[in-house]
Amino acid sequence: MAKHPATFDLPLPEAGWRRRFRRRLLAWFGDNARDLAWRRSRDPYRIWVSEVMLQQTQVATVGPYFERFLEVFPTIDALAWADEQDVLRRWEGLGYYRRARQMHEAARAIVRRHGGVFPRDREAVRALPGIGRYTAGAILSIAFDAAEPILEANTIRLLSRLLAFRGDPRSKPGQELLWAMAEAVLPRRETGRFNQALMELGSEVCRNRSPRCDACPVAALCEARRQRIEHQIPVPKAKPAMEQRHEVAVIVRRRGRVLLVRQGDGGRWAGLWDFPRFQVHAENPANLRRELIDNVRGQTSVLIEPGECLRTLKHGVTRFRITLDCYAARYVSGTPNGRADDVKWLRPSDLAEYPLNTTGRKLSRLA
DNA sequence: AACACGGGGAT
DNA sequence: ATCCCAGTGTT
């Protein structure tokens with residue numbers, strides 16, 4: 001191992017190691033690359049869509065969304081001119097909906113600033129909303145073979161193990177080391193294929209729970225393997241305590257229509273529609289009923305008569321485990337608050353046209 | 001550095 | 001039930 005810069009904890013590999021690593025990795029990838037939809041084209045737009053969908057989202061989950069999205073929005077131009085509600089509708093169920101809104105905004109920026117052509121310039125790409133260091137590197141290398149490194153979940157694990165890096169890979173110094181490693185191993189040519197090979201190996205062989213070192217083409221080059229500490233790397237993420245929370249959603253019916261509200265910017269499900277939904281604190285049914293009525297009135301100025309609980313769903317978000325009771329309610333009188341854009345009485349059959357979050361979609365089948 | 005952001009796959 | 005996933009942007 002070569003001498004390393006003073007800022008790093010560990011030495012980066014020297015030239016001979018890097019050469020052997022690349023050769024073995026690429027040979028392995030030639031035999032083991034999965035046939036993924038976004039690997040069938042080098043259109044930067046398609047690569048971009050796949051990379052954004054794949055942010056914090058598993059390959060298996062993205063699968064069905066990718067082709068459907070591209071059927072409806074086949075080009076940057078098509079996406080740029082689309083209605084945001086339509087974009088969100090195609091994203092429904094994928095989560096992290098900010099990604100869809102930012103990609104829509106970025107498409108408009110590409111039309112405005114770059115004539116509708118995806119830019120090749122690193123700074124221009126990084127300037128687009130929703131494209132950070134990883135996604136920029138991935139698109140530029142995969143679409144254009146630019147000499148850009150990548151660092152994401154799979155390669156963090158792989159590179160950490162290759163180096164036997166015992167620190168926290170999410171920390172500032174950990175990130176610096178691993179980005180330097182990602183750059184150090186990068187070849188001059190075919191950087192896109194190489195970066196995908198890194199991710200593939202990290203995903204399929206250098207797995208989180210049970211790494212398959214017996215099937216790994218670079219096991220002999222792996223410092224964690226040599227020390228038999230591959231199971232201890234990377235160190236697990238600190239988990240914030242889950243908080244229990246109780247919410248109520250209300251299906252307010254009036255003359256064959258149901259009341260929907262649109263979530264404001266910045267928070268959960270921004271831009272999506274939902275049934276009126278509130279956090280409640282009451283323990284017993286009588287108080288809960290009172291609280292429910294007050295909440296609906298407070299947010300919609302609508303008087304309701306709540307019926308029985310239709311069903312209870314449980315779901316978790318980042319910090320909360322939520323129990324959601326869904327009530328049917330009869331409209332009595334009043335007018336919903338808010339702009340007409342944000343509050344609507346919809347025919348149940350029209351709910352299909354509106355982007356809802358996943359629990360909202362489940363409840364919509366009761367409406 | 002710590003958080004918020006979603007939903008589902010894997011064990 | 002728990003951890004994690006082809007991260008980004010804000011505080």
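Chain A is the first sequence line, chain B the second, and so forth, proteins listed ahead of strands; every chain is numbered from 1.
Between the side chains of A:R361 and A:T358, not a single donor N or O lies within less than 3.5 Å of an accepting N or O. Using modelled atom types and a 3.5 Å distance limit, the side chains of A:Y134 and A:E51 yield a donor-acceptor pair.
A:R39 comes within 4.0 angstrom of a base, heavy atoms only. A:L36 comes within 4.0 angstrom of a nucleotide base, judged by non-hydrogen atoms across all strands. Residue contacts for A:P240: at a heavy-atom cut-off of 4.0 Å it reaches no nucleic acid atom on any strand shown. A:W38 comes within contact range of at least one nucleobase, with a heavy-atom separation under 4.0 Å. A:A153 comes within contact range of the sugar-phosphate backbone alone, with a heavy-atom separation under 4.0 Å but no base atom that close. Among the heavy atoms of the strands lying under 4.0 Å from A:G267 are primed sugar atoms or P, OP1, OP2 only; no base atom is included. Across all strands shown, A:R268 has heavy atoms under 4.0 Å from sugar-phosphate atoms exclusively, and none from any base.
To the nearest angstrom, P of B:dG9 lies 16 Å from CD of A:E204. Between the CD atom of A:Q56 and the P atom of C:dG7 there is a distance of 5 Å, given to the nearest Å. Rounded to a whole Å, the NE2 atom of A:H315 is 15 Å from the P atom of C:dA1. Between A:L272 atom CG and B:dC5 atom P the separation is 13 Å, expressed in whole Å. Between A:L94 atom CG and B:dC5 atom C1' there is a gap of 14 Å when expressed in whole angstrom units. Residue A:R321 contributes atom CZ, which lies 10 Å from atom P of C:dC3 at whole-angstrom precision. We find that NZ of A:K237 is positioned 15 Å from P of B:dA1, with the value rounded to whole Å. The distance between atom CD of A:Q102 and atom C1' of C:dT10, rounded to the nearest whole Å, is 11 Å.
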Residue pair A:W28, A:E200: steps toward the side chain to side chain donor-acceptor pair (under 3.5 Å) verdict: CA-CA 10 Å; A:W28 173 85; A:E200 192 83 338; over 6 Å; no
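Dashed line: the shortest gap from a side-chain N or O of A:W269 to OP1 or OP2 of B:dG7 is under 4.0 Å. Residue A:T135 places at least one side-chain N or O closer than 4.0 Å to OP1 or OP2 of C:dT8. When the side-chain nitrogen and oxygen atoms of A:Q58 are compared with OP1 and OP2 of C:dC5, none of them lie within a distance under 4.0 Å. Between A:T358 and B:dG7, a side-chain N or O to OP1/OP2 separation shorter than 4.0 Å is present. For A:R170 and C:dG7, the shortest distance from a side-chain N or O to OP1 or OP2 is not below 4.0 Å. Contact check, A:K239 against C:dC3: a side-chain N or O comes under 4.0 Å of OP1 or OP2. Contact between the side-chain N/O atoms of A:Y97 and the OP1/OP2 oxygens of B:dG7 is found at a separation under 4.0 Å.
Side-chain atoms of A:T57 stay outside donor-acceptor range of the base of C:dG7, with no qualifying N/O pair under 3.5 Å.
In the set C:dA6, B:dA4, C:dC4, C:dC4 carries the atom at the smallest distance from any side-chain atom of A:N208. When distances are taken from the side chain of A:T318 to each of C:dC4, B:dC5, B:dG6, the shortest belongs to B:dC5. Side-chain proximity of A:N357 to B:dG7, C:dG7, C:dT2: nearest is B:dG7. Listed candidates were C:dG7, B:dG6, C:dC5. Nearest to the side chain of A:E152 is C:dG7. Of the candidates B:dA1, C:dC5, B:dC5, the closest approach to any side-chain atom of A:R98 belongs to B:dC5. In this structure, of C:dT8, B:dC5, C:dC5, it is C:dT8 that holds the atom nearest to the side chain of A:Y134.
The gap from the C1' atom of B:dC5 to that of C:dC5 amounts to 14 Å, rounded to the nearest Å. Comparing the C1' positions of C:dG9 and B:dG8 gives an interatomic distance of 24 Å, to the nearest angstrom. With both ends at atom P, the span from B:dC3 to C:dA6 equals 24 Å, rounded to whole Å. Nucleotides C:dT10 and B:dG7, compared at atom C1', are 22 Å apart to the nearest Å.
Mapping A:R319 and A:S171 onto DNA chain B by nearest heavy atom places A:S171 closer to the 5' end of the strand.
With hydrophobic clusters built from ILVMFWY side chains whose heavy atoms lie under 4.5 angstrom apart, A:L26 shares a cluster with A:W17.
The aromatic rings of A:W269 and A:H315 lie tilted to each other, with the angle between the two planes from 30° to 60°. Using the six-membered ring where Trp is involved, A:F118 and A:W48 have ring planes that are tilted, between 30° and 60° apart.
Between A:Y331 and A:W345, a ring centre-to-centre spacing shorter than 6.0 Å is recorded.
A salt bridge is absent between A:K344 and A:D350: the closest approach of a Lys/Arg side-chain nitrogen to an acidic carboxylate oxygen does not fall below 4.0 angstrom.
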